[in-house]
Amino acid sequence: MLNTQINPTYTLSKLIPLHKPFVTGDYTTHSSSSAYSPAILRQPTTTKKSNATCTRSTSVGKIKAINIPFLNKTNVKGVITIQPTVSSAIAGVGIGGVVDGISDLLGMSFLLELVSNDLDPNGKQKTVKAYARYDALDFDINVYTYKCDFDVPEDFGEIGAILVENEYSKKMFFKKIVLNNDITFTCESWVASKHDNPEKRIFFTDKSYLPSETPEGLKSLREKDMESLRGNGQGERKSSDRIYDYDVYDDLGDPDQSLSLARPVLGGNDHPYPRRCRTGRPMSTKDPLSETRTLLPFYVPSDEDFSEIKKANFGARALYSVLHAVLPALDAIITDKDKGFPLFRTIDMLYDEGVNVPPPDNGLKTILPRLVKGAVDATDAVIQFETPETIDHDTFSWFRDEEFCRQMLAGLNPYSIQLVTEWPLMSKLDPQVYGLPESAITKEIVEQEIKGFMTLEQALAEKKLFMLDYNDLLLPYVNKTRELNGTTLYGSRTLMFLTPTGTLRPLAIELTRPPSDDKPQWKHVYTPAWDATGSWLWKMAKAHVLSHDSAYHQFVSHWLRTHCVMEPYIIATNRHLSQMHPIRRLLLPHFRYTMQINSLARLALINAGGIIESTFSPGKYSMQICSDAYDQQWRFDHESLPADLISRGMAVEDPNSPHGVKLTIEDYPYANDGLLLWDAIKQWATSYVNHYYPKANLVESDVELTQWWDEIRTVGHGDKKDEPWWPQLKTQEDLIGIVSTIMWVGSGHHSAVNFGQYDFAGYFPNRPTMARTKMPNEDPTEEEWQSFINRPEDALLKCFPSQIQAIKVMSLLDVLSSHSPDEEYIGGYIEPAWAAEPTIKAAFEEFRGSLEKLEEIIDSRNVDPKLRNRSGAGLVPYQLLKPFSRPGVTGRGVPNSISI
């Protein structure tokens, strides 16, 4: 993070002789005035920083009135802290305009109004107003401070809220307002200029209240504040708005640019999908069902936009830089978009030598130091990739069958493997359309592969057979995808056997092409072979399966099940849970940054012609497959870790086991570590919920909570509103289960599928995102077959992604796998409202302690030679669920929220 710089703006400094802060991209410096200079510029000192203890502890108290003869008032002093913006500190641009300087000169930067918890005898609000004046820039903690003085009547009562009017012409980011009677208002919010929004902003103290406990003087403000966030569903949203509303995904296509970029609306009967935040942009002139797109970042409510004030937004800035600078540069350099890698050595050169590109602008090297290296000469820079951990530990790990299987348990997508419970394997699709439903993997094939161990019946009974099943999800898109250029697709099943050592061994891969107008159904089973031709066919079959697993990981395990499903929770929380609601304050850390990242994904990742469509096998059908997975597979009651494992047959309920479940595969690193993290989250949620809801009737009678849960089910996930599996919300246990699941999805689940992306897929032969060619034995011509026989390595390389596709994905994964410099890790920081309540503070400290213990447990597991799925020669230790991490690509660390 660059240090804040102050450069003089002489014109304005001559007019207004005061110190002046950076605000929203602008700043001005003023000299001191002998006539009026209440502020001094604080220089760095040895004073302790306010954030040095990783806590922002505050408490709520009553004003201690001081009897002043004849006045009967108490002087209450307040300090407001304002966060400087990133662009103002970096760019050093002045605020411009004399109006803001005059406001400071007159000591009228903000108008503040204290609100009592009590009403006056006439049932009216009791308030006291005062203006805040600019005080200083505190270099130690990099904030601007403003001060104010209130003359508060002796009978005012306890202060419960404060109203803020921003007299500046620009929005300002309020961090907190602290009164000298131990009352704190934690804001962490943008306050628009009164010229943009005349409504005063409302902030409440750090004390939490259920709706039924709200003090009389705050009840109308509590509802008014939430109403201001709901909007009326009309008009186009402006960047200064704080409106949270719902819409379907009707902005992924761009028919106005080209009809080939038109895409179906996701959300509704045809393509069920979660809802996104409404932007209100005009509809397309070419397709009235599609919303128009913009080159600028899409609207998110202003409090979801951290791009100007937070280093944690480094991820969003880096992602934006890759999408809008690095990838276009690569497109310009690599003109042949279909050119593959002629040799494996040319793949290695991406790490050894890199790719020359034009020198980047706008500080790209600073933002992406891992990726953009020093200039070769005045006209070139180098995009050079770090060697991924998997390849650094074992260059040939991607080639091995045991590693292929191990990564289903301890790799990037541990969410797909499932127990085989029925035989024969059968498709549920219409046989009139998709051909014979019975799998070609027969009993004879299985028993040939597991001979010497047991029969098929024994393997089923003893829970030894496991599978990746992408047959029914992908089969409807096979023929459509094959009409696209440069890609192909199959339905697939991969069968694995659990050996006595606790590791998995692949038995068979089935690839299926459904019938079409001119071709019958085609399916073939590949098995590990001991002859040259069979061995190469097996390698290519694995490449196809890995491309399917990569697509499912990115579309479903990652985007759908974390980013996408979280957005309705965030919207509903802001619309129906007040700032002072304890459940909002519990969940808020798990929501930060997510909507902004999601809007960026809609802008350039999952959109028509975006990175996903151009680099994954299903191409333009990628998000339709994602919609199908939501429709067919997603259930809220299966999103907690224990329920997810049980639903896949990877665990069974067992009250005698440590986590209430017994794993089907004992050495399942993701599940082993994840259950410890899940237990810690649920215990923290239990302590929190039971403190605020000591009786069950308090849950059911909480009107805000009821409306929140109803809207999540019936609007945010409205396409599934009639499903019988939605949990009820009547008791503490119901609420604990719901909030624990939401917290888990935003933290543990997302971390498990995100922060290992570069380590596991940065060397793309290990996890190719695309298979460009069909299998050599699928209806080959004589020339095609001979070409494969003569140079099978060439066939595999042609099947892999092209050069531009691979480099695009590698660049993207490098950024997606990175932790920001001030990442907010789970259990790392205590929220002010939690610290204000001793019982909650103690529960959080216990939570933090359990996470520190988890770090030690994971370290010990990773050196245990008996755990062969995480410890062994050349293996990368499984660390994705270790709670804490240093910045950068580390393959570990669990942030509170989906911040990248």
Looking at Y630, W709, W725, which one forms a ring pair (Phe, Tyr, Trp, His ring centres under 6.0 Å) with F636?
W709
Do K720 and Y273 meet the cation-pi criteria used here (NZ or CZ under 6.0 Å from the six-membered ring centre, within 45° of the axis)?
no
With rounding to the nearest 0.5 angstrom, report the NE2 to CG distance, H659 to D679.
5.5 Å
Are H717 and W634 an aromatic pair by the rule of ring centers under 6.0 Å?
yes
For V699, the option from I583, L705, L210, T731 that meets side chain to side chain contact (heavy atoms under 4.5 Å, CB included)
L705
Minimum heavy-atom separation for G674 to L641, with atom names?
C-CD2, 3.1 Å
Stepwise, does the side-chain hydrogen bond (donor to acceptor under 3.5 Å, both in side chains) test hold for D303 with S189?
CA-CA 6 Å; D303 284 348; S189 177; 2.8 Å; yes
Could you tell me whether Y415 and H749 have their ring centroids closer than 6.0 angstrom?
yes
Is the backbone N or O of N869 less than 3.5 Å from a side-chain atom of R406, with the two atoms forming a donor-acceptor pair by type?
yes
Does any pair with a residue in residues 877-890 pass salt bridge (Lys or Arg N to Asp or Glu O under 4.0 Å), and if so which ones, sequence neighbours excluded?
D859-K882
Neighbour count >12 (heavy atoms, 6.0 Å) for atom CD, E462
yes
R870: which of D673, N672, D667 passes side-chain hydrogen bond (donor to acceptor under 3.5 Å, both in side chains)
D673
To the nearest 0.5 Å, tell me how far I900 CD1 sits from Q596 CD.
10.0 Å
Do any N or O atoms from the side chain of S897 and from the backbone of R592 form a donor-acceptor pair under 3.5 angstrom?
yes
Under 6.0 Å between the ring centres of Y244 and W708?
no
Looking at every heavy atom in both S751 and L880, which two are closest together, and how far apart are they?
CB-O, 4.2 Å
Any residue meeting side-chain contact (heavy atoms from CB on, under 4.5 Å) with R230, in chain and number order, not counting sequence neighbours
E223, M226, E227, R575, H576
Does the cation-pi check pass for K207 over F204, that is, NZ or CZ under 6.0 Å from the six-membered ring centre and within 45° of its axis?
no
Within the side chain of S578, is there an N or O that forms a donor-acceptor pair under 3.5 Å with the backbone of M580?
yes
Distance check, rounded to the nearest 0.5 Å: Q757 atom CD versus R767 atom CZ?
9.0 Å
From E704 atom CD to T214 atom OG1, the distance as rounded to the nearest 0.5 Å:
7.0 Å
Test log, rule salt bridge (Lys or Arg N to Asp or Glu O under 4.0 Å), inputs R222 and D225
CA-CA 5 Å; R222 183 171 186 145; D225 184 51; over 6 Å; no
Is the distance between the ring centroids of Y825 and H819 less than 6.0 Å?
yes
Starting at OG of S208, measure out to CG of L586 and round the result to the nearest 0.5 Å.
10.0 Å
Taking salt bridge (Lys or Arg N to Asp or Glu O under 4.0 Å) as the cut-off, I'd like each qualifying pair that reaches into residues 730-742, sequence neighbours left out, listed once.
K682-E733
Using 30° and 60° as the class boundaries, would you call the ring planes of W684 and F844 parallel, tilted or perpendicular?
perpendicular
